[in-house]
There are 2 protein chains.
Amino acid sequence: MAVNGRQGGRPTLEEVAARAGVGRGTVSRVINGSPRVSDRAKAAVSRAIAELGYVPNRAARALAGARTDAVALVIPETEARLFAEPYFLDIIRGVSAELADADKQLLLTLIRSRKERQRFEQYLAAQRVDGVLLVSVHADDPLPDVVRELSIPAVLNGRRSESEPVAYVDSDNVGAGRSAVAHLAERGRRRIATITGPLDMYVARCRLDGYRQGLAAAGLVGDERLVAAADFTEEGGRRAMRDLLERCPDLDAVFAASDVMAAGARVALRETGRRVPDDVALVGVDDSAVARHMDPPLTSVRQPIEEMGRVMARVLLQEIAGTEAEPRQLVLPTELVVRDSA
Amino acid sequence: MAVNGRQGGRPTLEEVAARAGVGRGTVSRVINGSPRVSDRAKAAVSRAIAELGYVPNRAARALAGARTDAVALVIPETEARLFAEPYFLDIIRGVSAELADADKQLLLTLIRSRKERQRFEQYLAAQRVDGVLLVSVHADDPLPDVVRELSIPAVLNGRRSESEPVAYVDSDNVGAGRSAVAHLAERGRRRIATITGPLDMYVARCRLDGYRQGLAAAGLVGDERLVAAADFTEEGGRRAMRDLLERCPDLDAVFAASDVMAAGARVALRETGRRVPDDVALVGVDDSAVARHMDPPLTSVRQPIEEMGRVMARVLLQEIAGTEAEPRQLVLPTELVVRDSA
DNA sequence: CTGGGTAGTGGGAGCGCTCCCAAACTAGCG
DNA sequence: CGCTAGTTTGGGAGCGCTCCCACTACCCAG
């Protein structure tokens, strides 16, 4: 038994028009919310639509109009393993919520190889999406430029440099470093080290800047030996922590630029018999599940990840619509979540 | 400067045909890999495609043919919070990899409200996807049946009951419980408790069954007081653990049906002064990040999550193609990962 | 040499929409 | 009461593809 309509075929716009006793154009206008329709016609069409259970065929729409009602969210897979993974899920959640409200499709694209990257670029060239959301782009990633050259609206999560030309939504990474250090200094820590992310990523450089600003604000002198670069992985955090302890056995606090690295640092601290927070205080970034489950639970700087997803989607939708009310480049605030590690 | 073609317009199949000196039909045949094309024509068309940088317009394809080359992955949002979240990311990863190989789109749909659910059903009715992947369906979820009624190919992750009619890919949850208990018994534990998931979920009942089978296999007598139901959340695990300790202070091991619940149990154990594993051994399920970061690191039963994603996608693609070589209902093995908690 | 294949091909007829132009109506004004 | 200006409407012309039918070559058996 077909749900409705004859022979299982979905009703078409033409059938709606026939039933409402109007022309195709009028039905189309009603569906697309054009103001140039009389109330009488609008009512008749609405009723016909309801009676027939009509749902517009998107393929036909995409072909006739020049839009697809779909947006791609692109995640370079190399990053996916590095970052705390729930990050992406939260971004997705935010994006999805916002797109659902606008009745747009979310197309998820993980790119993990040259081949897939190429395929995706082809895909873009084929005008298959109305816009693109790019997550965790490296400083040397050409993808945003490719997208721009095709003049497809795009919004980044994070930026590649201070003077990012493409629209982006970022969190206040400098502020994150600053507030972490401020907190540590407040608790009387004086020899505060940091474990950074890979310094070819702008986000990592920002957090390091914040760290330095925090030291300055607290009247502490910087010491380059207290800075160790890692790569956002747990193993990297562990190695960096070992190096730091070797170079500066007197350090009494560490600001790790991610929870995952903090977890690695925690291991190294335990291996060398340091207690947290008694001997060394520890602060991370992300406020992820890892932070809550560490022993002791990790003090961490929270980023509004889901919110970033929402905002990204909103900005993108505006770029697509051509109504750029909101600014195209946004930095969202972060917030220190104090637990037992510092 | 346009990338290629005149006036920035993407080249069409018609233009390819003109350039290759053949008809539209022939080009279409080449693109779709029909065998009924001479090598000469094939070569000419291939060259023309390369020269023009032609990429087929999917909307036109979808409209003309009756397929979309897109597959929806549906995640009911209520679950997203409960399950260890990286789970979904791993599923997505597997699905995405497999779909990319088949050059299909992945459409991600989070459903978090009645409204969104309804919208999605409409969407399905509009024949907007070739198939559907459903993750973490509750026993009473009607969605799989809706999909089947629309005769859209579908594959579930997990099943709703023993006699699931829809195609599914599941992991061996009974085996998971069994091997966890076997391990505990092997280490000399005698009073083994379990914290289950919500028993209206088949996965939870399976793990409980496995637990019972494990006890029997080890020659231990079951004791219903050693069974506490929870809901896959940390807080639930904690509460369940407290109840268990109150009822049976003499228990010496716990099998928690998820890592997250194990983490909750861990808290309750610490609160009551129990050491892990000395006083109480603990085993979880999922082998998630949480497990690795617990103190002590949690012994856990690993499910091949990404692999499940891959297999789901593969089965779905076969259902779509109509070539059902592989069985439609698969159960993948699990594996015990021994750490320090048991 | 003929008839009956069989590979290979071209192109008409749509798929269901949006765009847009011209027709049909309305109202307002001199 | 005719004329202009504005509003509302119908429907033709595509969008770029696939499907499929008809047609041409060519081959082989009779």
Side-chain angles (χ1 to χ4, degrees), chain A residues 5-45 48-49 52-70 103 122-123 125-128 130, chain B residues 5-46 48-49 52-70 103 123 125-128 130:
Chain A
R6 356 107 308 201
Q7 261 109 272
R10 309 286 315 160
T12 70
L13 183 144
E14 188 104 37
E15 287 164 23
V16 173
R19 176 153 196 139
V22 300
R24 263 185 5 261
T26 303
V27 176
S28 179
R29 257 161 265 159
V30 170
I31 289 171
N32 296 295
S34 157
R36 321 219 130 291
V37 190
S38 67
D39 289 346
R40 235 170 57 76
K42 205 179 303 183
V45 170
I49 287 177
L52 260 42
Y54 169 73
V55 182
N57 178 322
R58 295 229 190 196
R61 243 182 165 165
L63 182 57
R67 72 171 191 295
T68 61
D69 285 339
D103 203 20
Q122 270 215 341
Y123 186 77
Q127 309 282 9
R128 288 288 301 134
D130 294 341
Chain B
R6 359 109 303 210
Q7 265 108 274
R10 308 288 316 160
T12 71
L13 185 144
E14 189 105 35
E15 286 163 25
V16 173
R19 175 152 198 142
V22 300
R24 263 186 5 260
T26 303
V27 177
S28 179
R29 263 166 295 223
V30 171
I31 290 171
N32 295 296
S34 157
R36 320 220 132 290
V37 190
S38 67
D39 290 346
R40 232 169 60 76
K42 204 179 305 184
V45 170
S46 300
I49 287 177
L52 261 43
Y54 169 73
V55 183
N57 178 321
R58 295 229 190 197
R61 242 180 168 170
L63 181 57
R67 72 171 192 294
T68 60
D69 285 338
D103 204 20
Y123 187 76
Q127 309 280 9
R128 288 288 301 133
D130 293 341

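Lettering of chains follows the sequences in order, A, B, ..., and the numbering in each one begins at 1. The figures that follow rest on heavy atoms only: side chains count, while hydrogens, waters and symmetry mates do not.
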> Do B:Val22 and B:Val30 have side-chain heavy atoms sitting under 4.5 Å apart?
Replying inline: no
> With sugar-phosphate meaning primed atoms plus P, OP1 and OP2, does A:Ala41 contact a base, only sugar-phosphate, or nothing at under 4.0 Å between heavy atoms?
Replying inline: sugar-phosphate
> Distance-only, no hydrogens or angles: does the A:Arg10 side chain make a donor-acceptor pair with backbone N or O of A:Gly53 under 3.5 Å?
Replying inline: yes
>> Tell me the interatomic distance from B:Asn57, atom CG, to D:dC17, atom C1', rounded to whole angstroms.
In response: 8 Å
>> Mind checking if A:Arg24 touches a base, just sugar-phosphate, or nothing, with heavy atoms under 4.0 Å?
In response: base
>> Nearest whole Å is fine: how far is C:dC17 C1' from B:Arg61 CZ?
In response: 20 Å
> In whole angstrom, what separates A:Leu13's CG from C:dC17's P?
Replying inline: 5 Å
> What's the shortest heavy-atom distance between B:Glu15 and B:Pro11, and which atoms?
Replying inline: OE1-CA, 3.2 Å
> What are the two closest heavy atoms between B:Asp69 and B:Asp130, and how far apart are they?
Replying inline: N-OD2, 2.8 Å
> Please give, in whole Å, the distance from D:dT8 C1' to A:Lys42 NZ?
Replying inline: 12 Å
> Shortest non-hydrogen contact from B:Thr26 to B:Val45?
Replying inline: CG2-CG2, 4.5 Å
> Would you say C:dG8 has OP1 or OP2 under 4.0 Å from some side-chain N or O of B:Ser38?
Replying inline: no
> Has the side chain of B:Arg29 got a donor or acceptor that lies under 3.5 Å from a partner of the other kind on the base of C:dG10?
Replying inline: yes
>> Distance check needed: C:dA7 P versus B:Arg40 CZ, whole Å only.
In response: 19 Å
> Taking N and O atoms by type only, does the side chain of A:Arg10 place a donor or acceptor under 3.5 Å from a partner on the base of C:dG16?
Replying inline: no
> How close do A:Arg128 and A:Ala70 get, heavy atom to heavy atom, and via which atoms?
Replying inline: O-CB, 4.5 Å
>> Nearest heavy atom decides the nucleotide; on that basis, is B:Val37 or B:Leu63 closer to the 5' end of DNA chain C?
In response: B:Val37
> Can you tell which of C:dG8, D:dC17, C:dC17 lies closest to the side chain of A:Pro56?
Replying inline: C:dC17
> With a 4.0 Å cut-off on heavy atoms, is A:Gly25 in touch with a base, just the backbone sugar-phosphate, or nothing at all?
Replying inline: base
> So do the side chains of A:Arg61 and A:Asn32 get within less than 4.5 Å of each other, counting heavy atoms only?
Replying inline: yes
> Could you give the angle between the helix axes at the two ends of the helix from C:dC1-D:dG30 to C:dG30-D:dC1, with five pairs per end, rounded to 10 degrees?
Replying inline: 50°
>> I need the minimum non-hydrogen distance between A:Ala59 and A:Asn57, along with the two atoms involved.
In response: N-OD1, 2.7 Å
> In terms of the nearest nucleotide of DNA chain C, which residue is placed more toward the 5' end: B:Val22 or B:Ala64?
Replying inline: B:Val22
>> Could you tell me how far apart A:Glu14 (CD) and D:dG12 (P) are, to the nearest whole angstrom?
In response: 10 Å
> Rounded to the nearest Å, what distance is computed from the CG atom of residue A:Asp69 to the P atom of nucleotide C:dT18?
Replying inline: 10 Å
>> Rounded to whole Å, please give me the gap between CG in B:Asn32 and C1' in D:dC17.
In response: 9 Å
> Taking only N and O in the side chain of B:Thr26, is any of them less than 4.0 Å away from OP1 or OP2 of C:dG10?
Replying inline: yes
